[in-house]
Enquirer: 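I have a structure I would like to understand better, so I am pasting it below and will then ask my questions one at a time.
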There are 2 protein chains.
Amino acid sequence: MAVPDPATLDSVAAHAGVSRQTVSNVLRHPDRVAAGTRERVLTAIRETRYRPSLPARQLATRRAHAIAVRAERTQDGISGLVLDAFYHGLAEAGQDNGLRVLLYAQPADEAAEVALIDELVHTGAADAVVLTATSAADERPAHLRESGTTFCAFGRPWGHDDEPHDWVDVDGAVGTGLAVRHLLDRGHRRIAYLGWPEDGADPSTGTDRRRGWLEAVGAASLDGPPVEARSLNQAAAAEVAVAALLARADAPDAIVCASDTLALGAHRAALAAARSARPATVVGFDATPVAAALGLASVAQPIDQAAHLCIDLLTGRFEAPDRPAQGLLVAPVLHLPS
Amino acid sequence: MAVPDPATLDSVAAHAGVSRQTVSNVLRHPDRVAAGTRERVLTAIRETRYRPSLPARQLATRRAHAIAVRAERTQDGISGLVLDAFYHGLAEAGQDNGLRVLLYAQPADEAAEVALIDELVHTGAADAVVLTATSAADERPAHLRESGTTFCAFGRPWGHDDEPHDWVDVDGAVGTGLAVRHLLDRGHRRIAYLGWPEDGADPSTGTDRRRGWLEAVGAASLDGPPVEARSLNQAAAAEVAVAALLARADAPDAIVCASDTLALGAHRAALAAARSARPATVVGFDATPVAAALGLASVAQPIDQAAHLCIDLLTGRFEAPDRPAQGLLVAPVLHLPS
DNA sequence: GCTCCAAGTTTGAGCGCTCAAACCACCCTA
DNA sequence: TAGGGTGGTTTGAGCGCTCAAACTTGGAGC
């Protein structure tokens, strides 16, 4: 069976007995069309199964109606699901705003990535980019601003407040604060922190999470001084670090961790150390299925919300390219074991 | 500073003193252009910083040069497909073949998804789709074939061999077979299987993995008959199931699991059961960081390779739309604990 | 010296849409 | 009754590319 030629603006117009432009107006500026005409055209659209051609629209408007986001090279995995959720959120929010989401493979380094983004934007494949996994040493934002590329970062401009750009981030300090208060409520009095090696130096996600713990613990005027340990983001390393912590005289009875990977290690160390007594309670970060499987509480990032806000910032900027840069912080929630 | 108008085919042509079409040929059909001219044009392209306009090309060729893939709604389970790796593989392989990867948010149900895919294809946003998470009851392939949409599934057409389509899948049976042989090599003689409740009924991923275990165990002529247990894909449920298994008179000394989630539960049960003796060895599936953290061997799916093959099948089909459907199985490998 | 051919190059047309400007009734005002 | 509006609609032009067909050459062949 022969498939009929797909309908175009012209064929729909002929079908409805109006002009091309009127059909276009019905779709893009309904208010410019008289109600009667509009109905007639809508019927024609339905009858002809008309679908607007995206490329034609892109060519005429010089807008791609798409944003690009990086597909990470395989990463440590436990928190890989977080990224999946972010992709879903972007795609969903994008669809609601007429934006498609384009994936690009993470290139070898930041320079190559900036070049690739430039390519995507200048060939008309995307209008803007969502930057993920930003850090203090990140060169991408500066380059993108320079080349005039519209973008929104998921992650704060750590230490680059002088070069403002749009960003959305999760307030890690609030998250660890929640964890501490949860533990306090349950009677814990020696609440330690297990973070990453670099925490406390340059501003970073780690510093932020640590600060939340420190402030919450400080505000509670507990027994001794706050205790902490650091470990690479690997369960085995974390297990070793926490074992040492638990062997100390002032061993903690609870541990707030910077990630679920660390929490997994901490959990094992706690179990091992507590042959007889009650094991130290561990709280994780990211609320991955691992934490749920182990019965650990964990701080959940509202990834979906963050993704929606990125899209909001971007669409806002499309409409007002010169408005000042905005940063948005969203609060995490604590997921308790069921 | 004023940004110069972006170069077009015409402006490059003028710059090089040739015609529009010659510039186009230099890019798309270099062999049709004399070497000297080609050099001159390439120089002009460089000097003018020319970037071809994707939308214009799409409009003229009626091809989107893009494929769509679904962004999953947040899923649970430690394992399952960690999609990031798949996305990255698709994006990478796509870039090598001039295909962009478009993400669409998972709709409420399969009917809505088919409608959305139809929309993407007919508006010229994508040329084809990669279907993920296929199952025996999946209605999507049938609908897509019917509407003539090009697609490739990541996952076999379980029980629908009469309606062939392009697919790529990981050979789960080979994976569990590897696990069994690994255990045999290490002296285990009573190797059980921990699968999902539905395994063995309709053909499915679970059946496939179970079969690999059964065949490998059968081929080894071991002590007693093969022992197995089933559990929902949750660590807690798996722990209960395995505890029962280990309490039996013919308790196994090793357990091959259908997922790392199950392996986590099995591991905990094994530790608990073995107060004194050596605990049963557990092997997982998917090689997630959890397995690595617990020191368990686990079957790793070559996700990246699978993604590349999906792109290969798709590009092949673009060139020969009528070639018969192809199915490709890729072999997993066993990741040993380090 | 003429035709014929292939390699190389140019021209014309069109993909389906949106913008801006032009047009057209028709009503209102002076 | 002529002179403005004002919603509603149409027209013309063009976005930047590719396809197919038409056009140039400089040999090779006779």
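Quick caveat, the model's predicted, so the values are computed rather than measured. Below, chain A is the first sequence line, B the second, and so on; all start at residue 1.
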Enquirer: Rounding to an integer number of Å, can you tell me how far B/R32 CZ sits from D/dC23 P?
Expert: 19 Å

Enquirer: In whole angstroms, how far is the P atom of D/dT9 from the CG atom of A/L27?
Expert: 15 Å

Enquirer: Round to the nearest Å and state the distance from B/N25 atom CG to C/dT9 atom C1'.
Expert: 9 Å

Enquirer: Counting only side-chain nitrogens and oxygens, does A/R62 get under 4.0 Å of the OP1 or OP2 atom of C/dC17?
Expert: no

Enquirer: At 4.0 Å (heavy atoms only), tell me whether B/S53 reaches a base, stays on the sugar-phosphate, or touches nothing.
Expert: sugar-phosphate

Enquirer: Is there a donor and acceptor pair, one atom on the side chain of A/R20 and one on the base of C/dT18, closer than 3.5 Å?
Expert: yes

Enquirer: Measuring to OP1 and OP2 of D/dT10, would you say a side-chain N or O of A/T22 lies under 4.0 angstrom away?
Expert: yes

Enquirer: Please report, rounded to the nearest Å, how far the P atom of C/dC15 is from the CG atom of A/D10.
Expert: 9 Å

Enquirer: Is the phosphate of D/dT18 approached by B/S24 (side-chain N or O, under 4.0 Å from OP1 or OP2)?
Expert: yes

Enquirer: For B/L59 and B/A34, find the nucleotide of DNA chain C closest to each by heavy atoms; which residue's nucleotide sits nearer the 5' end?
Expert: B/A34

Enquirer: Might you work through the side chain to side chain contact (heavy atoms under 4.5 Å, CB included) test for B/F151 and B/I117, ending with a clear yes or no?
Expert: CA-CA 10 Å; B/F151 72 99; B/I117 292 171; over 6 Å; no

Enquirer: Looking at A/S19, does any N or O in its side chain come under 4.0 Å of the phosphate oxygens OP1/OP2 on D/dT10?
Expert: yes

Enquirer: Counting any heavy atom closer than 4.0 Å, what does B/P52 reach on the DNA or RNA strands: base, sugar-phosphate only, or nothing?
Expert: sugar-phosphate

Enquirer: Want to settle it: does B/G17 or B/A56 sit nearer the 5' end of DNA chain C, counting the closest nucleotide to each?
Expert: B/G17

Enquirer: Between the base of C/dC15 and the side chain of B/Q58, is one N or O donor paired with an acceptor at under 3.5 angstrom?
Expert: no

Enquirer: Closer than 4.0 angstrom, basic N to acidic O: yes or no for B/R317 and B/D127?
Expert: no

Enquirer: Keeping A/R100 on the side-chain end and B/L102 on the backbone end, is there a donor-acceptor pair under 3.5 Å?
Expert: no

Enquirer: Can you tell me which nucleotide in C/dC17, D/dC17, C/dT10 comes closest to the side chain of B/T8?
Expert: D/dC17

Enquirer: Would you check if the side chain of B/Q106 reaches a backbone N or O of B/R73 as a donor-acceptor pair within less than 3.5 Å?
Expert: yes

Enquirer: According to a strict under-4.0 Å criterion, is A/T61 in side-chain N/O contact with OP1 or OP2 of C/dC17?
Expert: no

Enquirer: Heavy atoms from C-beta onward define the side chain here; which of D/dT10, C/dT9, D/dT9 lies closest to that of A/T37?
Expert: D/dT9

Enquirer: Between B/E113 and B/R70, is the closest basic N to carboxylate O distance under 4.0 Å?
Expert: yes

Enquirer: What is the distance, rounded to the nearest whole Å, between atom NE2 of A/H29 and atom C1' of D/dG7?
Expert: 16 Å

Enquirer: Hey, does the side chain of A/R38 reach the backbone of A/P30 with a donor-acceptor pair shorter than 3.5 angstrom?
Expert: yes

Enquirer: Please state how far atom CG in A/L54 lies from atom P in C/dC15, giving the value in whole angstrom units.
Expert: 18 Å

Enquirer: Measure CG/A/D5 against P/C/dG14 and give the value in whole Å, please.
Expert: 15 Å

Enquirer: In this structure, how many angstroms lie between the P atom of C/dT9 and the CG atom of B/L9, rounded?
Expert: 15 Å

